S.K.: 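There's a structure below that I have some questions on.
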Amino acid sequence: MSSDKEHVEHCKGVNGLDKVILRENRRCSAEVYLYGGQVTSWKNPQGEELLFLSSKVFFLQAAFKPPRTIRGGIPICFPQFGNIGSLERHGFARNRIWSVDTDPPPCPSNVSHKAFIDLILRHSEEDMKIWPHRYECRLRVALGPTGDLMLTSRIRNTNTDGKPFSFRFGYQTYFFVTDISEVRVEGLETLDYLDNLMNRERFTEQEDAITFESEVDKVYLSTPTKIAILDHERKRTFELRKDGLPDAVVWNPWDKKAKAMPDFGDDEYTNMLCVEAACVEEPVTLKPGEEWKGRLEISAVPSSYCSEQLDPRRLLLSG
Ligand code: TA6
């Protein structure tokens, strides 16, 4: 656990829930709730919010209380993704109270960073009734010196009965965008995807780049390690780099579904886009003692700065 108070502050957030604020150079910051192990805010050096968090969460009494989940930020989907399985949607990790991991095993990635926090979720007797496995699910959230947000997850099978287990996983990242109709995603063109709006039927992406003019809920398969989200209106590009997470879910509920969601404003779909580094198609299986690792790094840069680096062909080649 980082003990540097300048970079890591433990405090109370909405409903008195424990929250950790990470601070880096200038005004870069990130906020993480122990409820769900969920990042709820990520700000750039200009103090601008980069993640979407529904304004409804502050008005709904139940918003930050189990079994409700926090609509926005980066919910952790584990051990299930979506409805693929018998558990609640996206698994239970996003509405359990995680603990600060005071003595995590060494995490080779981002060791030199000062603004980081290690969290852990373990099996409980209660959860073993619905998912009969012992596990350790670790999450390191770190903020790099230039404001990059880094999430590293490590999941270990600690079963004592010799049994393996399988799980799916996702960082359901809600990006804040200025106007969804002016947003483009690069790096997923020509890939196969499962369309959640068509009973998970498999298609091949035909578009040169992904743009948005209606509801989208797709699981892109075997995706490159780099994906870019271009917010033309704001002239900002989010660059995602991922490891151990082969799939990428792209979701926007659009107007009808937005209206049907009690914890989401009717027009808020215009300001959000979920692009989720995930393991959806193939579950991960771990034998007792085995550990899985997944990692996501996101940067927000001015679009002009990286337009060349984000050439789709270059992205695919370097991925
Ligand atoms: O990740 C995309 C998705 O699985 C969509 O199908 C969509 O419904 C969304 O998650 C939200 O799910 P939630 O359970 O948070 O309402």
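Everything numeric in this text was worked out from a predicted model, so none of it was measured. Atom set for the values below is all heavy atoms of this structure, side chains included, hydrogens, waters and symmetry mates excluded. Both ligands and their constituent atoms are indexed starting at 1 by order of listing.
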S.K.: Near ligand 1, which protein residues have a heavy atom under 4.0 Å away?
M.R.: Arg71, Phe81, Arg89, His90, Arg94, Gln172, Asp217, Val249, Trp251, Glu276
S.K.: Considering only heavy atoms from C-beta outward, does the side chain of Leu151 approach that of Leu149 to under 4.5 Å?
M.R.: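 Counting from C-beta outward, Leu151 and Leu149 do come under 4.5 Å.
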S.K.: Around atom CG of Asn199, are there more than 12 heavy atoms from other residues, nucleotides or ligands closer than 6.0 Å?
M.R.: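 It does not: Asn199 CG has 12 such atoms or fewer within range.
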S.K.: Please identify each residue that fulfils side-chain contact (heavy atoms from CB on, under 4.5 Å) with Gln80, with sequence neighbours left out.
M.R.: Leu87
S.K.: Assess, by modelled atom type and distance only, whether the side chains of Thr204 and Asp192 contain a donor and an acceptor separated by less than 3.5 Å.
M.R.: yes
S.K.: Do Asn157 and Glu291 have a side chain donor and acceptor closer than 3.5 Å?
M.R.: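 Short answer, no.
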S.K.: So, do Phe169 and Ile155 sit near enough that their side-chain heavy atoms are less than 4.5 Å apart?
M.R.: yes
